[in-house]
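Remarks on the structure that follows.
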Amino acid sequence: LYAQVQQFYAEQMRLLDDGAVREWAATFTEDGVFSANVHPEPTVGRAAIADAGGRATTELAAAGITRRHWLGMVAIRAVGPRRLHVRCYALVVSTQRGGASTISHSTTCDDDLIQVDGDWQVARREVRRDDLA
Amino acid sequence: LYAQVQQFYAEQMRLLDDGAVREWAATFTEDGVFSANVHPEPTVGRAAIADAGGRATTELAAAGITRRHWLGMVAIRAVGPRRLHVRCYALVVSTQRGGASTISHSTTCDDDLIQVDGDWQVARREVRRDDLA
Amino acid sequence: LYAQVQQFYAEQMRLLDDGAVREWAATFTEDGVFSANVHPEPTVGRAAIADAGGRATTELAAAGITRRHWLGMVAIRAVGPRRLHVRCYALVVSTQRGGASTISHSTTCDDDLIQVDGDWQVARREVRRDDLA
C-alpha cells in the first residue's frame, strides 16, 4: 500500500511537471477539491484543476523555468475501504534554464485518496505553504 | 518493513516540526541517546531529548521560522530480532515567515531502532552535519 | 520490489557520496552505460564509469565539498523478467566545509535495472539536468 501511494505520487507529479495537465487533472476525482492557503477559494472539479495547472505551466514555460514537485515524509492512515488520508511534505524545486536550482516552496500536503477501479485518485488536497503559515 | 520505517520517520519528524516535543521524545527509548557532531556530548534519555527539542522549537518560533526535516535514501539492515540499523540522509529545510525556503543543514543519520510493543523507537541516533565533516 | 529499488538506490548513492567509486561502479553492469545531457558522449563500461566517478570525487575533496545524491519520486515499471525501467528525480545537494548547503543540480534519472544473482544493477542510466533542458 505504501509503495502504491508513493508510485501514485511519483506519476502524478511527473505529469504536472511535464506539463501534461489534462492527464494530471485526471488523477483527481471528477469533483476533486484542490485547496491551498495561497488561494482565497479552493479549486473544485477536474476541469477547473486542469485549467489552473495549465495556466501555471504556461507561465513557467514562458519564464524558462523547470519545476519539480517532491513529495516525501509520507504518513498513511486508512480511513475506510479504499479510502486513505495521507499527510506529507512537499518541496517545489525550480530551475532556471542555464541557471540555478532553488526551493521555491516548502509545504505540507494533506490528501484524501480514494481507489476507483483499482487506481488511486485525489478527492481532496490541501496544500499549506510554510512561508504563509 | 521498509514502509514501516518510512512511516515511522514521517510521523516522528512531523511531531518535531509541529513542536510536539513530548510526543516526539516518546519515539526514543527511555534511555535513548541522541548524538550529533555539532554537540560535544550526546543527549541521553527521553527527558533530556525533549528538553533539547523544546529549546530549539521555542527559538524557531520566536524567529518566525518553520522547519521541516526530510529523511531519505534510507538503507535498512536487520541486526537482530526487532532490531534494525538504519543509515539515511537528512535535510533540514527552513522557511522564514513571508520569506524564502533554504536548506539549513545536510546531514547523515545513523539510527539503532528497536521494536517495543509493536512500535519502533530510536535507541541511538547519530547525526553528522556535512558542513562540520 | 519498490522497497528493494529504494534500498538499492540508497546504497548505490551512499557509495558514490562516500567516495567508494569502485564499489559504486560495481552497481552498474560490466557493460553499463551512463549517459547525461551535460556530456556529449555516454560513459560505457564499469571501468570508465569508475574513472569518471573517481575524478569527480577527487575534485570535490580538493574543494572541501560534501555531495549528497537524493533520488526520489520513483516510478517503477516491470519490462521483463528481472528487468525494470525506473523514472525518478534526483537532487544533488552540495555542502561547503564550514559553509552552506545548496542544490547543485535538479535532474531526472531514467534507469534500466536488471537483476543479476539476486542483486539489482544499472544497465543504462540517463541523467538530464534541468538547467540544460
(request) Under 4.5 Å heavy-atom distance to chain B, tell me which part of A/Leu91 shows up: side chain, backbone, both or neither. (result)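 The answer is both parts of A/Leu91.
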Just so I know, are the side chains of [X] and [Y] near enough to count as touching, which here means a heavy-atom distance under 4.5 Å?
{"X": "A/Ile76", "Y": "B/Gln7", "result": "yes"}
{"X": "B/Arg68", "Y": "A/Thr108", "result": "yes"}
{"X": "B/His69", "Y": "A/Tyr89", "result": "no"}

What pair of heavy atoms forms the shortest contact from [X] to [Y], and how long is it?
{"X": "A/Ile103", "Y": "B/Val93", "result": "CD1-CG1, 4.1 Å"}
{"X": "B/Leu71", "Y": "A/Met73", "result": "N-SD, 3.3 Å"}
{"X": "B/Trp70", "Y": "A/Trp70", "result": "CH2-O, 3.4 Å"}

(message) With rounding to the nearest 0.5 angstrom, report the OG1 to CZ distance, B/Thr66 to A/Arg128.
(response) 10.5 Å
(request) Measure the spacing between CD1 of B/Ile65 and CG of A/Asp130 and express it to the nearest 0.5 Å. (result)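 Separation between the atoms: 12.0 Å.
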(request) Answer with side chain, backbone, both or neither: which region of B/Ser101 has an atom nearer than 4.5 Å to a non-hydrogen atom of chain A? (result)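 It is both, since atoms from each part get that close.
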(request) Against chain A, work out which of B/Gly64, B/Ala3, B/Ser94 has the most heavy-atom pairs shorter than 4.5 Å and name it. (result)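 When all of B/Gly64, B/Ala3, B/Ser94 are compared, B/Ala3 has the most.
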(message) Only pairs of heavy atoms separated by less than 4.5 Å count here; which of B/Arg14, B/Gln12, B/Gln6, B/Gln4 has the most with chain A?
(response)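 Ranked by heavy-atom pairs under 4.5 Å with chain A, first place is B/Arg14.
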(request) Mind checking side-chain hydrogen bond (donor to acceptor under 3.5 Å, both in side chains) for A/Asp117 and listing every partner two or more places apart, or none if nothing turns up? (result) none
